[in-house]
Amino acid sequence: MPRILVVLALTLALASQALAAEKRIVFINSVDQQIKQIRLAPAGSGKWGPNLLDKWKLKEGKRVNIAVPHDEGDCMWDLKYVVREKMAYTIKDVDICKAVEINLFLKNGEAWANIK
């Protein structure tokens, strides 16, 4: 009987880690050029994570469903997207706990996002 409880406890722990480790968000490119990178950093840290697009590019007007890092209670992130070499734009304080869709915009050098 104790062995079953240990196995059950380990299974639940692994399942909760798997759920906490990933959240899917749809990113929409409403910028007038393709996006080469999308990166996240804990709000205010400047410690950018890996390119969520991996080796792909998000073409203008297209959308992609991406797994983002996520832990319950760690909701506020800064988002950076890159359109060209040395042309990166940052959206601060994105609540990824609530976000299911992030529509990225850029006009006259100003970046913003509509978050649903």
Ignoring hydrogens, what is the shortest heavy-atom contact between Ala99 and Ile25? Give both atom names and the distance. O-CG1, 3.7 Å
Ser30 and Asn103: side chain donor to acceptor below 3.5 Å: yes
Backbone N/O of Leu53 and side chain of Asn51: donor-acceptor pair under 3.5 Å: yes
Check whether any side-chain N or O of Tyr81 sits under 3.5 Å from a backbone N or O of Phe105 as a donor-acceptor pair, and report yes or no. yes
Residues Ile91 and Ala113: closest non-hydrogen pair is CD1-N, 3.9 Å
To the nearest 0.5 Å, how far apart are CD1 in Ile102 and NZ in Lys116? 12.5 Å
Please name the pair of heavy atoms, one in Ala111 and one in Tyr89, separated by the smallest distance, quoted to 0.1 Å. CB-CB, 3.5 Å
Does a salt bridge link Lys36 with Glu85, judged by any charged N lying under 4.0 Å from a carboxylate O? no
Is there a path of hydrophobic side-chain contacts, each under 4.5 Å between heavy atoms of I, L, V, M, F, W or Y residues, that connects Val64 with Ile115? yes
Could you tell me whether the side chain of Asn29 and the main chain of Gln33 form a donor-acceptor pair under 3.5 Å? yes
Evaluate the side-chain contact (heavy atoms from CB on, under 4.5 Å) criterion for residues Met76 and Asp95: first the C-alpha distance (whole Å), next the side-chain angles of each, then the deciding distance (0.1 Å), finally the verdict. CA-CA 5 Å; Met76 300 310 289; Asp95 186 342; 3.7 Å; yes
Rounded to the nearest 0.5 Å, how far apart are CG of Asn114 and CG of Leu104? 9.5 Å
Dump the intermediate steps for side-chain contact (heavy atoms from CB on, under 4.5 Å) on Ile96 and Leu79, then the final yes or no. CA-CA 10 Å; Ile96 65 167; Leu79 181 150; over 6 Å; no
So, does Asp78 use its side chain to make a donor-acceptor pair with the main chain of Gly44 at under 3.5 Å? yes
Does CH2 in Trp112 sit with more than 12 non-hydrogen atoms of other residues, nucleotides or ligands closer than 6.0 Å? yes
Hey, quick one: are Ile28 and Val68 part of the same hydrophobic cluster, counting side-chain heavy atoms closer than 4.5 Å, chains of contacts allowed? no
Which heavy atom of Arg39 sits nearest to which heavy atom of Trp48, and what is that distance? O-CZ3, 3.7 Å
Cluster check Met87, Ile35: I/L/V/M/F/W/Y, side chain < 4.5 angstrom: yes
Answer with yes or no whether the side chains of Asn65 and Arg24 bring together a donor and an acceptor at under 3.5 Å. yes
For a 4.5 angstrom cut-off between non-hydrogen side-chain atoms, does Arg63 reach Glu101? yes
Report the distance from atom CZ of Arg84 to atom CD of Gln37, rounding to the nearest 0.5 Å. 14.0 Å
Would you say Leu52 and Asp54 make side-chain contact, with heavy atoms under 4.5 Å? no
